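Heads up, the thing below is written out as structure tokens.
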There are 4 protein chains.
Amino acid sequence: MINRVVLVGRLTRDPELRYTPSGVAVATFTLAVNRQFNNAQGERDADFINIVAWRQLAELCANYLKKGSQAGLEGRLQTRSYDNKEGKRVFVTEVVADNVQFLSPAGERREGSGSGGGYSNPPAGRRQDDFMNNDPFANDSRTVDISDDDLPF
Amino acid sequence: MINRVVLVGRLTRDPELRYTPSGVAVATFTLAVNRQFNNAQGERDADFINIVAWRQLAELCANYLKKGSQAGLEGRLQTRSYDNKEGKRVFVTEVVADNVQFLSPAGERREGSGSGGGYSNPPAGRRQDDFMNNDPFANDSRTVDISDDDLPF
Amino acid sequence: MINRVVLVGRLTRDPELRYTPSGVAVATFTLAVNRQFNNAQGERDADFINIVAWRQLAELCANYLKKGSQAGLEGRLQTRSYDNKEGKRVFVTEVVADNVQFLSPAGERREGSGSGGGYSNPPAGRRQDDFMNNDPFANDSRTVDISDDDLPF
Amino acid sequence: MINRVVLVGRLTRDPELRYTPSGVAVATFTLAVNRQFNNAQGERDADFINIVAWRQLAELCANYLKKGSQAGLEGRLQTRSYDNKEGKRVFVTEVVADNVQFLSPAGERREGSGSGGGYSNPPAGRRQDDFMNNDPFANDSRTVDISDDDLPF
DNA sequence: TTTT
DNA sequence: TTTT
């Protein structure tokens, strides 16, 4: 039951913000965390870690982070499997964030969109993405009905 | 550069101990970490996290842990990719452990083989497994020559 | 804002359970965490870390942990100061736990008192201890009125 | 034996760099880590955590950090006691850092002194401070001979 | 003031 | 004794 991850790194792309059928916000992005030492070719290596954030934290991330932003982050490791379009079972390991600290100077962050990072309403008429049974990090979006009971917290 | 994971869980199977061509020990195993809450079906869910340990720590794990052992563990998240037998690129996320605490009572652990967990020599004439360019968690073992420079530390 | 601590160790004594004037439960105890290496005298050294838990978690700790119990624990570092009986300002650093995992086999833990660790009511007519403005780890208990706004969460 | 701390915060003052009698570098500083929520008076609270770094890491900290610098940091919690000038035993809890990440833009950091943070030699003829048996965070410097065996790693 |  |  102890399952804790702490990372400091930079976003490899803008966060993607989506909503479950019942309207719960989810943000996904990848954090590049540089390794301490260079590899055999003398290059600075990095690990690329997939992050998921839910609800208000999802919207804060979408509002305040963009490609290149530096962020500190806490969460837990989660493993999931889903069937890809070829019908093959794929296993993924990702970090479900529960605390994100924005480390880039305000000017280097995305604008706060006036909302102060608050809990904005999901856009009406949005497309329903199936990011629970399929991979939220892929862009594979057959519509599937998932209940909110599937949410991790 | 901050990249830290701390887990407490139980091994899903005995650790697998292998050696690089140059004789460096590597142990791999999976840690089941129970989630705090039950899922929609009322079952206790768990995350199944792949662990890699190197050198002396690999041999300690192989000597003192077995299926069902409880362990606490620290390390860093690492992402790798390799090409599977179908020639498809696969991405994996795993934890490279640098500290393992054996939490099962001694009687429930594997016997220490008299070595006190010390740095036993790799068996002469062992098969060379290729677990660096391919997935150490699969049992896919075409022989490949990797140099020790590829080792993470 | 990233402030995270993870520990595995053993209680040096039974947890102490107290209540604020407004009835909020607080448990305090000390966790002995062995160091990896022996000291110059060849003895196994340990660090003795003061832990505070609030509300339901306080009562779970009081119900399920006792002197010698092994526990894993997450929380945040907190610093406080208070004036001791000599009127001198004292600074303390402690861990406010938000997740505790009981690692001792059930037989070695305190009995669960039938409550399943639930949120038992504070005993009526209990003495009001002042553990906020003074040190909860001392047994210094002049009655002081603190509001619940002082609680850390 | 699991004892891990991860913090992100800002230095409250320049690091202090000292040397043991045998020439080992030690840096000490305090990290202010803001709390997530404001206190009852509406002020942003913080925790002030004492940090110790040894050897090369001590010199890196002294070279690259100054008052106000933002830093991420990993380490372990350590408790110590020493006798103050009134002959009273004092207990302290501090973090022994083993990894520090400089998060302030280079311009806001102290200049690297050309050394690239390398392992500079301790200045000859330096004063011997006794920061092991007394509190390294106070400025209490009677000369005491400590052996390097007292060093934590 | 310390646990196994 | 505290940082932005």
Side-chain angles (χ1 to χ4, degrees), chain A residues 72 101-107, chain B residues 72 101-107, chain C residues 1-3 7-16 28-35 38 43-51 65-73 78-81 88-94 103-105 108-109 135-140, chain D residues 1-3 7-16 28-35 38 43-51 65-73 78-81 88-94 103-105 108-109 135-140:
Chain A
Q101 182 173 9
F102 309 126
L103 293 172
S104 287
Chain B
Q101 183 174 9
F102 309 126
L103 294 171
S104 287
Chain C
M1 229 185 67
I2 299 275
N3 177 343
L7 304 169
V8 176
R10 309 194 93 102
L11 295 236
T12 62
R13 49 184 171 81
D14 289 354
E16 244 179 85
T28 54
F29 54 92
T30 297
L31 202 71
V33 181
N34 289 136
R35 293 192 184 158
N38 298 347
E43 314 154 328
R44 172 50 131 280
D45 248 333
D47 295 289
F48 299 94
I49 300 165
N50 288 336
I51 313 292
L65 295 174
K66 63 180 185 196
K67 182 179 178 172
S69 298
Q70 194 169 30
L73 165 164
Q78 166 177 273
T79 54
R80 271 182 320 113
S81 63
K88 243 199 96 187
R89 179 134 294 229
V90 179
F91 293 87
V92 296
T93 300
E94 65 214 5
L103 294 170
S104 286
E108 293 175 26
R109 299 200 295 243
D135 188 1
F137 290 99
N139 237 338
D140 182 3
Chain D
M1 230 183 67
I2 300 274
N3 178 341
L7 304 170
V8 176
R10 308 194 94 104
L11 296 237
T12 63
R13 49 185 172 82
D14 288 355
E16 244 179 84
T28 53
F29 55 92
T30 297
L31 202 71
V33 182
N34 289 136
R35 292 191 185 160
N38 297 346
E43 314 155 330
R44 171 51 131 278
D45 249 332
D47 294 290
F48 298 95
I49 300 165
N50 288 336
I51 312 292
L65 294 174
K66 62 180 185 195
K67 181 177 178 175
S69 299
Q70 192 169 32
L73 164 166
Q78 166 177 272
T79 54
R80 271 181 321 113
S81 63
K88 244 199 96 185
R89 179 134 294 232
V90 179
F91 293 87
V92 295
T93 301
E94 64 215 4
L103 294 171
S104 287
E108 295 175 25
R109 298 199 298 244
D135 188 1
F137 290 99
N139 237 338
D140 183 3

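Note that this is a predicted model, so its numbers are computed, not measured. Every chain is numbered from 1, with letters handed out A, B, ... down the list of sequences. Both backbone and side-chain heavy atoms feed into the values below; hydrogens, waters and symmetry mates do not.
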**Message:** Side chain of C:Phe91, heavy atoms from C-beta onward: which of F:dT1, E:dT1, E:dT3 has the nearest atom to it?
**Reply:** F:dT1
**Whole-Å distance separating the CG atom of D:Leu31 from the P atom of F:dT1** = 19 Å
**Fill in**
The nucleotide from F:dT3, F:dT1, E:dT2 with an atom nearest the side chain of C:Thr30 is E:dT2
**Request:** Classify the nucleic acid contact of C:Gly9 as base, sugar-phosphate or nothing, counting any heavy atom under 4.0 Å across all strands shown.
**Result:** nothing
**Complete:** Whole-Å distance, D:Leu103 CG to F:dT3 C1', equals 14 Å
**Request:** Calculate the interatomic distance between C:Lys67 atom NZ and E:dT1 atom C1'; express it in whole Å.
**Result:** 11 Å
**Item:** Between C1' of E:dT3 and CD1 of C:Ile51, the distance in whole Å
**Value:** 13 Å
**Request:** Name all residues meeting the ring pair (Phe, Tyr, Trp, His ring centres under 6.0 Å) criterion together with B:Phe102; count only those two or more places apart in sequence or in a different chain, and write none if there are none.
**Result:** B:Tyr64
**Asked** Taking atom P of E:dT3 as reference, at what distance in whole Å does atom CZ of C:Arg109 sit?
**Response** 21 Å
**Complete:** Shortest non-hydrogen pair, C:Asp14 vs C:Lys67, comes out as OD1-N, 2.7 Å
**Message:** Quick check: do D:Ile49 and C:Asn3 have side-chain heavy atoms less than 4.5 Å from each other?
**Reply:** yes
**Protein-nucleotide distance (C:Asn34, atom CG; E:dT4, atom C1'), rounded to Å** = 7 Å
**Prompt:** Taking only residues two or more places apart in sequence, or in another chain, which ones meet B:Ser104 in a side-chain contact (heavy atoms from CB on, under 4.5 Å)?
**Reply:** B:Arg10, B:Ser69, B:Gln70, B:Glu108, B:Arg109
**Request:** Please report, rounded to the nearest Å, how far the P atom of E:dT2 is from the CD atom of C:Glu94.
**Result:** 19 Å
**Side chain of C:Arg10 - closest among E:dT2, F:dT1, E:dT4** = E:dT4
**Prompt:** Which whole-number value in Å describes the distance from C:Asp45 CG to E:dT2 P?
**Reply:** 13 Å
